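Both counts, for ligands and for their atoms, begin at 1 and track the order of listing. In this text the structure is predicted, and so the values were computed from the model without any measurement.
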Amino acid sequence: MKKIAILIIVLAWFQPVCAQRSFVVDAGKIGAKIQPDMYGVFFEDINFGADGGLYAELIKNRSFEFDQPFVGWIPFGDVKVMDEDPCFDRNPRYVRLNEKGLRRGTGLENVGFTGIGFKQNDTYRFSFYGRSLDGAEKKFRIELISNNNTIGKGNLSVAGSDWKKYECTIKAGETSLKGKIRLVLETAGEVDLDHISLFPTETWKNRENGLRKDLVEALYDLNPGVFRFPGGCIIEGNTLETRYQWKNSVGPVENRPLNENRWNYTFKHRFFPDYYQSYGLGFYEFFLLSEDLGAEPLPVVSCGLACQYESTECVAVGDLQPYIDDAVDLIEFANGPADSEWGKVRAEMGHPEPFHLKYLAVGNEQWGEGYVERLIPFMEAIRGKYPEIKIVGTAGPTPEGENFDYLWPKMKELKVDLVDEHYYRSPEWFLENAERYDSYDRNGPKVFAGEYAAHPKSRDNNVAGAIAEAAFMTGLERNADVVQLATYAPLFAHVDAWQWKPDMIWFDNLNVVRTPNYYVQQMYAQNVGTNVLSILQDGNIISGADGLYASSCIDKNTSEIIVKVVNASADVQDININLTGLKGTVKNGEVLITCLHSNVPEAVNTLEAPNSVVPTHTSIHTNGNEFQLKAQGNAFYVCKLKIQPKK
Ligand code: AHR
């Protein structure tokens with residue numbers, strides 16, 4: 001028995017090692033240019049990614065504009081919803097509190113988005129707009145609540161019968177994952193309140209109306225080259241009326257009209273009737289975030305078709321002008337001079353300099369002739385006024401099939417600059433399709449892999465999915481002359497409020513989880529290179545034989561050679577990597593290795609164990625112009641060598 005147990009342990013410890021492979025990198029022949037912005041992110045307000053997520057506002061339904069005005073609120077005492085003589089014409093509702101001196105008091109609680117997260121000793125900026133009906137001073141007590149205990153207090157006094165903004169700072173005495181806030185009117189009489197808001201004082205770059213710092217830091221650490229927003233199906237809407245209209249998302253935040261969120265009722269098993277878009281995180285904030293991240297902004301606009309999965313609603317081609325104007329005006333908002341109509345809006349919001357927009361996508365996952373005939377007038381208008389803007393068309397929702405086969409030739413005919421392809425497929429599909437772009441037309445439009453993710457059966461963000469994506473991405477890199485941009489999707493998901501998975505980054509009200517898929521994206525985005533190098537085994541590309549995949553590139557700016565190797569098999573594999581055509585020597589004979597690996601393909605990162613699967617960093621030595629890589633099973637390696645010119 002004992003012997004068998006020892007044998008089992010020994011077998012489990014040592015994975016089988018296969019015969020040595022030999023990969024040859026040709027560093028003497030610089031290949032296609034790789035776009036510096038090639039690997040990026042796609043942000044959509046799904047899974048409470050904006051309100052309740054990246055957007056740091058902690059109050060749900062701050063303007064009482066949800067269809068049911070008290071969603072998110074627990075009013076007590078005499079509290080009525082009003083809309084006469086409002087503070088904000090595009091968000092006209094507000095509440096009237098009438099304190100009559102009764103023992104229960106009058107006020108409101110807000111439960112946030114699945115609770116409000118407070119951190120001990122952090123401060124919170126509380127504000128509202130108020131007016132006292134008789135003009136006399138009315139006192140408010142504001143409390144941060146955790147498990148029915150008050151963990152922070154503030155006071156405000158409303159005076160005067162005109163709407164005014166009031167604010168105070170409150171410190172949290174304890175940490176609470178699912179707290180709430182309470183406002184109590186302490187003086188008898190009537191007061192109107194609107195736009196009741198609570199932000200952590202510490203947001204990304206400490207901006208008011210800011211973004212959640214830990215989530216932006218996760219994006220920043222990723223080093224994304226491109227930032228696609230705001231959707232996804234969100235831009236199409238379930239109906240045309242509820243499509244994303246960027247003009248509603250700019251200007252003073254209090255007056256950005258609420259929209260429903262297209263992901264509210266989509267999945268019956270993930271039903272969120274309380275999902276709306278406040279547009280507090282709007283197009284200005286998206287452009288600013290792109291700038292902060294050093295990523296090229298890539299906005300998507302509606303082409304006049306409501307989400308084709310949900311509806312057949314469309315705008316007649318002859319009536320598209322307002323939609324086309326929205327697209328053209330968006331370019332002016334981003335790039336126009338500060339005295340142009342839309343450039344002025346940007347400047348007034350605090351950014352007189354342009355955002356240097358280069359890309360614009362028209363439509364998301366559209367299909368059929370209806371898309372083509374609508375895209376044409378958009379292209380004419382955009383090319384007519386802004387010929388420098390690269391236009392992104394779509395190949396529909398799937399990476400093959402009737403719609404795809406119809407749309408690609410049409411996109412070529414129309415000469416769009418990039419075609420947006422989407423693939424949510426099994427890890428096996430990703431492994432089998434790493435050669436997808438080897439046979440693409442080199443002279444047609446370029447490819448933008450605008451939404452993709454490996455979907456394991458469990459739909460978890462596990463190692464198997466991440467490794468399959470890494471393998472597939474060797475094919476993106478090898479074909480960088482065709483594939484110019486790629487963005488994993490979706491980006492964010494709240495653990496208590498998601499509709500779709502897998503997702504790159506998970507979070508709760510206080511914590512963030514970077515998934516194995518995140519680290520794959522990071523390893524690519526931090527090691528983009530400037531030009532492709534050939535890497536071959538026995539004269540063939542390395543794309544699946546024995547579960548191995550590889551690509552290579554050079555960074556001409558830093559004189560680094562980067563070799564990416566994926567071992568998607570379960571076995572350890574010895575690989576000899578030989579660099580030919582070197583115009584120098586490897587500095588210190590050193591190869592820096594970053595590795596993402598787990599013996600367990602189902603392994604995931606969780607809130608409890610966020611660092612189960614993280615990249616490790618080591619270095620090994622070359623032997624002349626070659627080095628040995630012992631590639632673990634289920635692993636992705638980035639090997640980096642600095643080349644010193646010969647003296
Ligand atoms: O990323 C989630 C959704 O998947 C996007 O909104 C849509 O474009 C795709 O169908």
Side-chain angles (χ1 to χ4, degrees), residues 40-51 53-54 219 224 226-240 242-244 246 259-267 269-270 272 275 277 281 286 298-311 359-368 371 375 392-401 403-404 407 418-426 429-430 447-456 459-461 465 469 485-494 497-506 515 517-518 521:
V41 290
F42 160 51
F43 179 88
E44 176 168 22
D45 188 3
I46 183 172
N47 305 319
F48 282 74
D51 292 300
L54 187 59
L219 294 183
V226 61
F227 189 82
R228 177 180 185 243
F229 60 87
C233 298
I234 277 276
I235 65 110
E236 301 156 348
N238 283 330
T239 60
L240 285 170
T242 57
R243 73 191 187 278
Y244 197 112
W246 74 266
N259 195 9
E260 74 166 39
N261 188 300
R262 180 244 178 277
W263 296 104
N264 49 6
Y265 307 114
T266 309
F267 302 117
H269 59 291
R270 302 293 304 169
F272 289 90
Y275 202 179
Q277 301 180 81
L281 166 53
F286 282 127
L298 196 164
V300 187
V301 292
S302 160
C303 65
L305 294 168
C307 178
Q308 290 174 270
Y309 283 115
E310 304 284 333
S311 152
Y359 301 106
L360 183 64
V362 180
N364 172 45
E365 285 181 347
Q366 323 304 157
W367 59 79
Y371 173 59
L375 179 59
V392 183
T394 175
T398 55
E400 69 281 303
N403 294 320
F404 183 90
L407 280 175
L418 293 115
V419 177
D420 183 8
E421 294 191 356
H422 293 182
Y423 20 93
Y424 296 107
R425 290 286 188 262
S426 68
W429 184 94
F430 276 80
V447 172
F448 169 31
E451 292 184 28
Y452 67 94
H455 282 190
R459 290 286 199 118
D460 287 338
N461 283 95
E469 286 153 7
L485 299 170
T487 55
Y488 179 97
L491 182 54
F492 286 120
H494 193 298
W498 56 271
Q499 293 80 47
W500 177 293
K501 63 177 191 169
D503 305 286
M504 199 202 288
I505 299 169
W506 287 79
T515 61
N517 315 72
Y518 170 94
Q521 294 298 321

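Taking 4.5 Å as the limit, every side-chain heavy atom of T398 sits out of range of all side-chain heavy atoms of W367.
Note: Y275 and F48 have parallel aromatic rings, judged against thresholds of 30 and 60 degrees for the angle between ring planes.
Using a non-hydrogen distance threshold of 4.0 Å, P397 does not register as a contact of ligand 1. The closest approach between W263 and ligand 1 falls below 4.0 Å for a heavy atom of the residue.
A ring-ring contact (aromatic ring centres under 6.0 Å, His included) with Y424 is found for one member of Y488, W500, Y452 and no other, namely W500.
Within ligand 1, counting atoms from 1 as listed, the ones closer than 4.0 Å to a heavy atom of E365 are 7 (C), 8 (O), 9 (C), 10 (O). Close approach to N364 involves these atoms of ligand 1, each under 4.0 Å from a residue heavy atom: 7 (C), 8 (O). If you number the atoms of ligand 1 from 1 as listed, the ones under 4.0 Å from a heavy atom of Y424 come out as 1 (O), 2 (C), 4 (O), 9 (C). Interface atoms of ligand 1 facing G232, defined by a heavy-atom separation under 4.0 Å, are 5 (C), 6 (O), 8 (O).
Side-chain contact of N461 with W506: a donor-acceptor pair under 3.5 Å is present, judged by distance alone. A donor atom on one side chain and an acceptor atom on the other are not found under 3.5 Å apart for E365 and Q308.
Of the protein's non-hydrogen atoms, the one nearest atom 6 (O) of ligand 1 is E44 OE1, 2.6 Å.
Taking only non-hydrogen atoms, the option from R262, E451, E236 nearest to atom 9 (C) of ligand 1 is E451.
For R228 and E451, the salt-bridge test passes: some basic side-chain N is under 4.0 Å from an acidic carboxylate O.
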